Number of protein chains: 2
Amino acid sequence: MIRGARERARAEVGAAIKEEAGRQLAAEGAAQLSLRAVARELGLAPSAVYRYFPNRDDLLTALIVGAYDALGAAAETALADAGTADPLRSWMAVCRAIRGWALARPHEYALIYGSPVPGYDAPPDTVGPASRVPLALVGVVEAADAAGTLASFPGSGQQDEGVSADARRLFQDPGRTIPLTAAVRLVAVWAQLFGLISFEVFGRFDRIIDARDDVFDRAVLDLAHQAGLRPTGTGSAAESAAGR
Amino acid sequence: MIRGARERARAEVGAAIKEEAGRQLAAEGAAQLSLRAVARELGLAPSAVYRYFPNRDDLLTALIVGAYDALGAAAETALADAGTADPLRSWMAVCRAIRGWALARPHEYALIYGSPVPGYDAPPDTVGPASRVPLALVGVVEAADAAGTLASFPGSGQQDEGVSADARRLFQDPGRTIPLTAAVRLVAVWAQLFGLISFEVFGRFDRIIDARDDVFDRAVLDLAHQAGLRPTGTGSAAESAAGR
DNA sequence: TTCATATCGAGACCAGTGCTCTCGAATGGG
DNA sequence: CCCATTCGAGAGCACTGGTCTCGATATGAA
């Protein structure tokens with residue numbers, strides 16, 4: 001794979017640029033990310049950076065992909081660690097992992113789940129990494145379905161008509177077992193979950209809610225129900241069963 | 001009020017600047033909003049704008065306040081139009097009005113509900129206008145409470161401990177009748193509602209969900225339940241009763 | 001080993017930004 | 001009517017993203 005010293009050097013410098021840009025992103029936010037500042041910090045001429053990233057947006061895209069991957073990895077390891085025995089427990093674990101990652105890296109979170117920069121539509125390279133989180137959630141629902149504990153949604157079959165052809169292909173992919181109806185529900189739940197997290201990360205709960213862990217857990221439990229995950233055990237035992 | 005021709009002229013130019021800035025915001029987004037471009041469009045020297053807004057952030061704040069007020073007004077008129085007879089109907093009306101406003105003005109929505117610009121924390125003038133939407137939601141819950149149809153939340157009284165002192169003061173204000181427990185629930189519901197809207201406005205449902213109206217209504221109905229609003233009539237009649 | 005070629009970084013440069021300062025002119029109140 | 005206040009213009013500063021050219025350097029082939 002390694003062709004020669006030149007390619008190695010090139011890869012190293014490219015990585016250093018991305019790394020330094022990541023540092024600045026974490027410290028100051030995406031708006032303050034400046035190619036020139038990155039170059040300055042690395043002892044490079046500003047123009048030299050353009051040998052590695054054709055423009056600022058491309059550098060930003062690299063960071064976006066990195067953030068999606070990091071968040072996706074956090075969700076996936078939480079899912080793996082929780083096992084498949086108790087879907088509700090897995091659900092809580094994944095949601096908490098996502099929230100924890102977001103609170104620890106607010107700027108990276110804002111980069112991927114904040115307002116999209118105008119005129120910027122996600123390049124194809126981002127859709128894979130971006131789907132890792134929703135697919136982790138799908139995994140939980142499929143585990144519940146496999147265990148036969150997934151709730152059915154009577155009378156909402158007609159809603160499946162509203163799913164786009166692309167999504168239908170995605171959800172009815174070989175390997176996927178999630179019922180289409182549950183998938184539609186899950187899309188809405190996914191959005192609501194990130195509403196909770198965004199409000200907290202962006203400071204909308206400041207001076208309003210102190211016990212954010214509790215409020216989050218409570219809401220996420222409701223979301224689990226909305227997604228078709230039934231409480232384990234009886235009634236109020238759900239919360240403790242979910243691993244508090 | 002009008003002191004003289006000079007003040008009138010000053011107010012007019014100030015309004016023109018804000019208006020032109022609003023145009024540019026709607027067209028291009030907040031990131032592209034340039035003091036110089038505004039000045040250019042108005043035939044002013046760039047420096048002249050600084051007589052009216054000390055810096056770019058202040059101009060942006062004026063736009064933020066305007067957006068909060070416009071969205072708040074939309075929510076309030078929806079609430080007023082729906083009347084207080086049927087809380088669930090009011091709930092749907094308010095949520096739909098918010099969503100409609102957001103979809104029609106994506107850039108203004110992003111300005112107030114997207115990622116906060118780094119190092120910018122909301123000036124005090126924004127908190128009033130910003131509370132209009134949540135207070136409209138509170139109004140719906142209070143109407144349900146007054147009608148005696150608000151669900152109780154058994155066993156979640158301890159969560160009230162997590163409410164900050166500020167919020168407690170706010171919610172237990174004279175004139176407010178919402179039970180503290182319901183208020184806590186509503187805060188989470190509020191966040192989830194804006195998660196739904198943000199995902200749609202920011203294009204996260206593109207190529208996934210086609211029938212967004214239906215998915216939104218379905219989720220908002222679940223949120224109503226989560227907020228303690230009980231379905232009117234029996235079971236599946238709720239949707240039609242909610243005014244589809 | 002020698003040499004042509006491809007790659008690299010530096011530096012000058014451009015257009016644009018937010019913002020400050022100064023200066024002349026208009027204006028309106030006493 | 002006159003003088004102080006207000007206004008807009010314009011120059012200028014420090015910064016940004018991005019382009020271009022030009023030497024230096026390393027690489028692969030002869």
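The sequence lines fix the lettering, A, B, ..., with proteins before strands; numbering per chain opens at 1. Note that this is a predicted model, so its numbers are computed, not measured.
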### Message
Between C1' on C:dG28 and CD on B:E7, what's the gap in Å once rounded to a whole number?
### Response
10 Å
### Task
May I ask you to say what A:L42 touches in the nucleic acid, namely base, sugar-phosphate or nothing, with a heavy-atom cut-off under 4.0 Å?
nothing
### Task
Enumerate the residues from residues 9-19 of chain A whose closest heavy atom to DNA chain C is under 4.0 Å, giving them by residue number; use none for an empty result.
A:R10
#### Entry: Which nucleotides of DNA chain C pair, in dot-bracket form (Watson-Crick or G-U under 3.5 Å, | meaning another strand)
||||||||||||||||||||||||||||||
## Note on the structure
Rounded to whole Å, the CG-P distance (B:L60 to C:dG18) equals 11 Å
### Query
How would you label the contact of B:A48 with the nucleic acid (heavy atoms, under 4.0 Å): base, sugar-phosphate, or nothing?
sugar-phosphate
#### Entry: B:L33 CG - C:dC19 C1' separation (whole Å)
15 Å
#### Entry: Presence of salt bridge, B:R99 and B:D213, under 4.0 angstrom
yes
### Message
Measuring from the side chain of A:N55 (C-beta onward, heavy atoms only), which nucleotide among D:dG18, C:dC19, D:dC7 has the closest atom?
### Response
D:dG18
### Message
To check you understand the geometry: which heavy-atom pair defines the closest contact between B:R176 and B:V138, and what is its length?
### Response
NE-CG1, 3.6 Å
### Task
Would you verify whether the NZ or CZ of A:R96 falls within 45 degrees of the ring axis of A:F216 while also being under 6.0 Å from that six-membered ring's centre?
no
### Query
In terms of the nearest nucleotide of DNA chain D, which residue is placed more toward the 5' end: A:P54 or A:A37?
A:A37
#### Entry: Spacing between A:F53 atom CZ and C:dC8 atom P, to the nearest angstrom
13 Å
### Task
Report yes if at least one side-chain N or O of B:Y52 is closer than 4.0 Å to OP1 or OP2 of D:dG8; otherwise report no.
yes
### Query
Is the shortest side-chain N to carboxylate O distance from B:E20 to B:R23 below 4.0 Å?
yes
### Pairing of B:D166 and B:R169 as salt bridge, 4.0 angstrom limit
yes
### Summary
Ranking C:dG9, D:dG17, C:dT20 by distance to the side chain of B:Y50, first place goes to C:dT20
### Task
Figure out the CZ/C1' separation between A:R8 and C:dC8, and round it to whole Å.
17 Å
### Query
Regarding A:R10 and the six-membered ring of A:Y52, is the cationic atom NZ or CZ under 6.0 Å from the ring centre and inside 45° of its axis?
yes
### Message
Is the phosphate of D:dT19 approached by A:S47 (side-chain N or O, under 4.0 Å from OP1 or OP2)?
### Response
no
### Message
Using a 4.0 Å heavy-atom cut-off, does A:R56 contact any base of the nucleic acid, only the sugar-phosphate backbone, or nothing at all?
### Response
sugar-phosphate
### Quiz item: B:R36 side-chain donor-acceptor pair to C:dG16 base, under 3.5 Å
no
### Query
Please give, in whole Å, the distance from C:dG16 P to B:L35 CG?
16 Å
### Task
Considering only NZ, NE, NH1 and NH2 on the basic side and carboxylate oxygens on the acidic side, decide whether B:R168 and A:D210 come within less than 4.0 Å.
no
### Query
Is any NZ, NE, NH1 or NH2 atom of the basic residue among A:D217 and A:R212 found under 4.0 Å from an Asp or Glu carboxylate oxygen of the other?
no
### Query
Is there a side-chain polar atom (N or O) of B:R40 under 4.0 Å from OP1 or OP2 of C:dT17?
yes
### Summary
Separation of C:dA10 atom P from A:R51 atom CZ, nearest Å, is 11 Å
### Query
Can A:D222 and A:R218 be counted as an ion pair, charged N to O under 4.0 angstrom?
yes
### Query
Between A:A30 and A:L25, what is the shortest heavy-atom contact and its length?
N-CD1, 3.5 Å
